[in-house]
Q: 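Quick one: the structure is below, questions incoming.
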Amino acid sequence: MLEVRDLQVYYGVIQAIKNVNFKVDEGEIIALIGANGAGKTTILHTITGLITPKQGEILYEGADLKKAPAHKIVSMGLAHVPEGRRVFSQLTVHENLLMGAYTRSDKNEIEDTLLHVFKRFPRLEERRNQMSGTLSGGEQQMLAMGRALMSKPRIILMDEPSMGLSPILVEEVFDIIKSINKSGTTVLLVEQNAKKALSIAHRAYVLETGNIVLEGDAKELMNNESVKKAYLGE
Amino acid sequence: MSFITYLLNGISLGSVYSIIALGYTMVYGIAKMLNFAHGDVIMIGGYIIFTIMSTVGLNPILAVLISIILCTLLGITIERIAYKPLRRAPSLAVLITAIGVSYLLQNLALLIFGAEAKSFTSVIPVKPISLAGGRLTISGETLITIPLCVLIMTVLTIFIKKSKTGRGMIAVSEDKEAAVLMGINVNKTIAITFAIGSALAAVASALMFSTYTNLSSTSGAMPGIKAFVAAVFGGIGSIPGAMIGGILLGVIEILSRAYISTQLGDAIVFLILIIVLLVKPTGILGKKIQEKV
């Protein structure tokens, strides 16, 4: 469904992504784990067009995403939940959700999706008319995920969804990711919380300073000695 | 009675400042740049109306409408040619470019229309009214300007809060990258903002030159700068701030000209800017810039 080939990304003269290859098949949860600064966020930003790569291909359903302008990518079925939620604090919860459906035009269908999102996140419905800047971190994460779902994505890219959340909320967020995947949406998950990410992912890639150093079945990686040492703190 | 006259004139002049300040504040909010050529669009608008009326002799209202259309196109063109290529450039480069565009427009006007100031004919068809047995006269310009300003603010506020494009503007002003992830075309949003700002500048020019009829290539610079002061005064980036800042500034200017000194009117306006920047740098309605981690 999504395939990244020989990706190289630079920030000025500094090479952030050296040579990265990976693929995501339909229906999977793929985890991209690695330490701070390994290049996880850069990869997601490159996929959704916020950064232009120096080299490499990003194929989505066979089409090269590099050729599409960044604002066209969401309407192709790719939604991105950015690191740090980045909800629009001056808009209400409801308005933020509508922004997620910005590229869609059928009002009835949008209303339909909104009902689904509220069903998945009842707290968002309770806070429907609240300014989203006043929400708690956990609620903002729910809003950012709900907003992404409003575009009816076929694949959803999540960047550090557990960042800054309490253990109970982390649990909740990962349960939600699992259930989003169960209802048919492919997930590409970037996480520092390797343990949680590996526990819900089907497959995973380990990223170290711009290179993929390990890949494989998530359960197997969980038992891999070097992964255990470096990322699971065992 | 004279105080009320001064006050009304101040509110009227302030309404014009508000309308110009909107262009500054919206462009700042969305493109994060100060478009110092904004004042010169007002001057161009004045010349367009003047030329149409004096050569073709069209109905003033039609002349204003044509000026609005041409200024809108001018605003979009300036953004496209001068500012868009600098989207990733340091803000100082953009600022200097804006000053360059300002001089370009002034000198183009000088080249085309000459150095001699033109006398603008009022486009306001409303007659002045006399109140309190002739002791209080309100000009037709004032009668039109103030309600028109309120109308513009209301329509603009509703447009931004309720329309999809308007909410897209709020999103772009808050977080460009997140806005792109929603599928918003940031370049298009910025172009729309320039279009709205320039159309409003054309409206402001028709109102202003109908009262202050002296039209020359630098006529837009001073009101442009004052509207910028108004935008900072009210809190740059805030639409109601532009309205409050503009009206306060107009009233302060007229009252200080009347009661303190005719010559020092402008000096007092800029003194206020300095005081505001010292006491409350974010302006009356300006938001504190906060980073949430």
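Atoms considered below: every heavy atom in the structure, side chains included; atoms not considered: hydrogens, waters and symmetry mates. Letters go in sequence order (proteins before strands), and every chain restarts at 1. All of these numbers come straight from a predicted model, not from anything done at the bench.
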Q: Heavy-atom count around Lys164(B) NZ within 6.0 Å, excluding the residue itself: above 12?
A: yes
Q: From Met99(A) CE over to Ile184(B) CD1, what is the distance, rounded to the nearest 0.5 angstrom?
A: 3.0 Å
Q: With a 6.0 Å cut-off (strictly less than), is the heavy-atom count around CG of Leu151(B), excluding the residue itself, greater than 12?
A: yes
Q: Return the option, out of Ser89(A), Pro82(A), Ala101(A), with the maximum number of heavy-atom pairs under 4.5 Å with chain B.
A: Ser89(A)
Q: Between Met182(B) and Arg147(A), is a side-chain contact (heavy atoms from CB on, under 4.5 Å) present by the stated rule, with each step listed?
A: CA-CA 9 Å; Met182(B) 301 299 112; Arg147(A) 188 177 66 174; 3.3 Å; yes
Q: Which bit of Leu98(A) is near chain B, if near means a heavy-atom gap under 4.5 Å: side chain, backbone, both or neither?
A: side chain
Q: Is it the case that atom NZ in Lys188(B) sees more than 12 heavy atoms from other parts of the structure closer than 6.0 Å?
A: no
Q: Heavy-atom cut-off 4.5 Å, strictly under: side chain, backbone, both or neither for Arg85(A) against chain B?
A: neither
Q: Carefully, step by step, assess Leu181(B) and Leu50(A) under the rule side-chain contact (heavy atoms from CB on, under 4.5 Å).
A: CA-CA 8 Å; Leu181(B) 294 181; Leu50(A) 296 178; 4.0 Å; yes
Q: Within a radius of less than 6.0 Å around CZ of Phe270(B), do more than 12 heavy atoms belonging to other residues, nucleotides or ligands occur?
A: yes
Q: Counting neighbours of CZ on Arg87(B) that are heavy atoms of other residues, nucleotides or ligands and sit closer than 6.0 Å, is the number greater than 12?
A: yes
Q: Say whether, by atom type as modelled, one donor and one acceptor occur between the side chain of Gln90(A) and the main chain of Ile170(B) under 3.5 angstrom.
A: no
Q: Using heavy-atom distances under 4.5 Å, tell me whether Lys161(B) contacts chain A through its side chain, its backbone, both, or neither.
A: backbone
Q: What distance separates Thr92(A) OG1 from Arg167(B) CZ, expressed to the nearest 0.5 Å?
A: 7.5 Å
Q: Check whether any side-chain heavy atom of Glu177(B) sits under 4.5 Å from a side-chain heavy atom of His45(A), and report yes or no.
A: yes
Q: List the atom of Gly183(B), the atom of Val74(A), and the distance in Å for their closest heavy-atom pair.
A: CA-CG1, 3.4 Å
Q: With a 4.5 angstrom heavy-atom cut-off, could you sort out which part of Val81(A) is near chain B: side chain, backbone, both or neither?
A: neither
Q: Sort by residue number and list every residue of residues 15-40 of chain B having at least one heavy atom under 4.5 Å from chain A.
A: none
